[in-house]
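All of these numbers come straight from a predicted model, not from anything done at the bench. Lettering of chains follows the sequences in order, A, B, ..., and the numbering in each one begins at 1. Every heavy atom of this structure was used, including side-chain atoms; hydrogens, water molecules and symmetry mates were not.
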Amino acid sequence: MEINFGYVAISMKLKEASPNRTVTLKNLEKVDRSIWYSKVESLARQNISNIIRILRYNKAYGIKLYRFTSKIIPLATHPEFEEWDWKNILKIDFEELGRVVKETGIRVSTHPDHFVLLNSPKKEVLDNSIKDLDYHCTMFELMGLGTEYKIVLHIGGMYKNKEDSIKRFYEGFSQLSDRIKSRIILENDDKLYTMEDVLSICRTLNIPMVLDIHHDICNPSSVKVKELIVDVFNTWKGEIFPPKIHLSSPKSPKEIRSHHDYINPDEFVAFLEEIIGLTGDFDVMIEAKMKDMALIKLMEDMKNYDFIKKIGDASIEV
DNA sequence: ACCTGTCAAGTCTGG
DNA sequence: CCAGACTTGACAGGT
């Protein structure tokens, strides 16, 4: 069984390579309006070219997964920038980025921020969420990447009634265009919607589920991971890429929900021991403050466990 | 060179 | 009902 690893957004090894450079409206308001567009355009270009550097670096280090930041284009979905035609202005840049994605063979994804909520009772929040999803989807399309490149979402808020909120999630989802629907995959969260909840929704909608094993510890399902992992991975049937899980460790016993700088190898190995023999290949997205450094350290730490057959730069065989 | 406050967003809690 | 916490990284401005 082969497992490939990746990390989120920022490389701690590469210097001057932020994929996240931004500007706020408050600061733009201090300068003349005539330079607003050139300012955000310049930052977006820097972000895209830094992402290209990151992808090439990932390839060189054998890192096969990478999550884009949601802030590639500053203020892309801000009402003040509705007139700004970033799709055409940055077309060439995204085409180049897409070529590098294909050339490096890295499985890229996005994870919209926590204000993207398909089950909000507020129409405005839903409308803004759809705009944000359109932005993410459009970037993939400009890169020329097929629907196997996914957008990971949570179910959303609870709003005092889980049943109603899940119903509203279905309603929100049904309002999405097919091009967006075909990229959405869902993840269990650390407070509200458990592995079981999300699995049930994914089965109903016939879309893949990302299992976050740390979230399942914070917000446990009534059934153990071992009992459901096969069903979770079955939601990926027919997909081009293998199932994906998220891996992180708690910052401390008191701050269990916060991410640690690194990954606790004991916890991950315990998970592997539980599911060994039940699944085929899968991918692991590491969510740790030290990003790629955490990944590299985990690979190093894994060398102390005998049952792992082979350890690569960012992959293992069990 | 470092530190603090601000920004952007929506939900939820506590008073 | 409203203020603050939560989350995350970048950045502005002050020391």
Side-chain angles (χ1 to χ4, degrees), chain A residues 7-31 35-36 39-40 42-51 54 66-82 84 109-136 151-162 164-166 168-169 172 187 189-193 197 212 214-215 218-219 246 248-252 254-261 285-294:
Chain A
Y7 65 98
V8 176
I10 297 160
S11 166
M12 303 300 280
K13 280 220 165 189
L14 286 181
K15 297 300 163 200
E16 308 283 317
S18 170
N20 249 2
R21 294 211 54 197
T22 194
V23 66
T24 60
L25 199 67
K26 279 266 161 24
N27 282 322
L28 279 181
E29 277 164 355
K30 293 173 192 166
V31 301
I35 61 165
W36 283 18
K39 182 73 189 165
V40 285
S42 156
L43 289 169
R45 287 232 161 83
Q46 289 176 57
N47 290 338
I48 293 170
S49 79
N50 282 336
I51 294 167
I54 290 170
Y66 174 72
R67 182 194 298 164
F68 291 132
T69 150
S70 297
K71 299 181 180 69
I72 296 175
I73 307 176
L75 305 167
T77 56
H78 198 284
E80 284 281 348
F81 282 77
E82 257 174 19
W84 184 48
S109 61
T110 71
H111 195 359
D113 292 311
H114 66 285
F115 45 84
V116 173
L117 297 158
L118 290 179
N119 73 348
S120 173
K122 298 178 191 162
K123 187 179 182 300
E124 198 191 323
V125 174
L126 175 61
D127 290 347
N128 288 336
S129 299
I130 294 174
K131 269 184 211 158
D132 202 87
L133 290 172
D134 185 81
Y135 152 73
H136 282 94
I151 301 169
V152 182
L153 269 193
H154 293 293
I155 306 304
M158 184 76 98
Y159 314 98
K160 299 191 173 125
N161 185 325
K162 199 171 196 173
D164 288 354
S165 297
I166 291 175
R168 234 180 6 261
F169 178 83
E187 177 195 350
D189 67 74
D190 56 358
K191 279 201 299 220
L192 309 171
Y193 297 94
D197 297 330
D212 188 310
H214 176 210
H215 290 170
C218 303
N219 176 29
H246 288 173
S248 50
S249 294
K251 188 175 181 177
S252 68
K254 277 196 170 177
E255 301 159 285
I256 194 158
R257 289 176 43 233
S258 300
H259 289 165
H260 199 277
D261 286 355
M285 180 61 75
I286 283 182
E287 296 176 327
K289 298 258 183 215
M290 290 304 281
K291 312 287 182 186
D292 51 333
M293 301 283 269

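In this structure, the nucleotide among B:dT11, C:dG9, C:dA12 sitting nearest to the side chain of A:Asn27 is C:dA12. Of the listed nucleotides (C:dT7, B:dG10, C:dG9), C:dT7 has the atom at the smallest distance from the side chain of A:Ser258. Checked against C:dA12, B:dC12, C:dT7, the side chain of A:His114 finds its nearest nucleotide in C:dT7. Listed nucleotides C:dT8, B:dT11, B:dC7 differ in distance to A:Thr24; the shortest reach to its side chain belongs to B:dC7. In this structure, of C:dT7, B:dC7, B:dT11, it is B:dT11 that holds the atom nearest to the side chain of A:Leu117. Nearest nucleotide to the A:Thr22 side chain, out of C:dA10, B:dC12, B:dA8: C:dA10. Considering only the side chain of A:Lys26, B:dC7 comes nearest among C:dT8, B:dG10, B:dC7. For A:Arg21, the listed nucleotide lying nearest its side chain is C:dC11; candidates were B:dG10, C:dC11, B:dA8.
Put simply, NZ on A:Lys160 is 9 Å from C1' on B:dC12, counting in whole angstrom units. Atom CG of A:Asn128 and atom C1' of B:dA9 are 10 Å apart (whole Å). Taking atom NE2 of A:His260 as the reference point, atom P of C:dT8 lies 14 Å away to the nearest angstrom. Whole-Å rounding puts the A:Glu287 CD to C:dT8 P distance at 9 Å. Rounding to whole angstrom units, CG of residue A:Leu28 and P of B:dC7 are separated by 13 Å. With rounding to whole Å, A:Ile72 atom CD1 is found 15 Å from C:dG9 atom P. Summarising the geometry, the separation between CG on A:Leu133 and C1' on B:dG10 is reported as 15 Å, rounded to the nearest angstrom. Rounded to whole Å, atom P of B:dG10 lies 12 Å from atom CG of A:Asp127.
At a threshold of 4.0 angstrom between heavy atoms, the contacts of A:Asp113 with the nucleic acid are absent. In this structure, A:Leu75 reaches neither bases nor backbone, as no heavy-atom distance under 4.0 Å exists between it and the strands shown. Residue-level contact check: A:Ser120 touches the backbone only, with heavy atoms under 4.0 Å from sugar-phosphate atoms and none from bases.
Between A:Lys191 and A:Met158, every side-chain heavy-atom pair lies at or beyond the 4.5 Å cut-off.
At B:dC7, none of the side-chain N or O atoms of A:Lys71 fall inside 4.0 Å of OP1 or OP2 (strictly under the cut-off).
In terms of position on DNA chain C, the residue among A:Ile10 and A:Lys39 whose nearest nucleotide sits closer to the 5' end is A:Ile10. Positionally, the nearest nucleotide of DNA chain C for A:Pro19 lies more toward the 5' end than for the other of A:Pro19 and A:Lys30.
Separating the NE2 atom in A:His111 from the CG atom in A:Leu153 is a distance of 8.0 Å, to the nearest 0.5 Å. Within the model, atoms CG of A:Leu192 and CG of A:Asp197 stand 9.5 Å from one another, a figure rounded to the nearest 0.5 Å.
A:Tyr135 places a side-chain N or O within 3.5 Å of a backbone atom of A:Ser70 that can act as its donor or acceptor partner. Of the possible donor and acceptor atoms, one in the side chain of A:His154 sits under 3.5 Å from a partner among the backbone N and O of A:Glu187.
Taking 4.0 Å as the cut-off between side-chain N and carboxylate O, A:Arg257 and A:Asp190 count as a salt-bridged pair.
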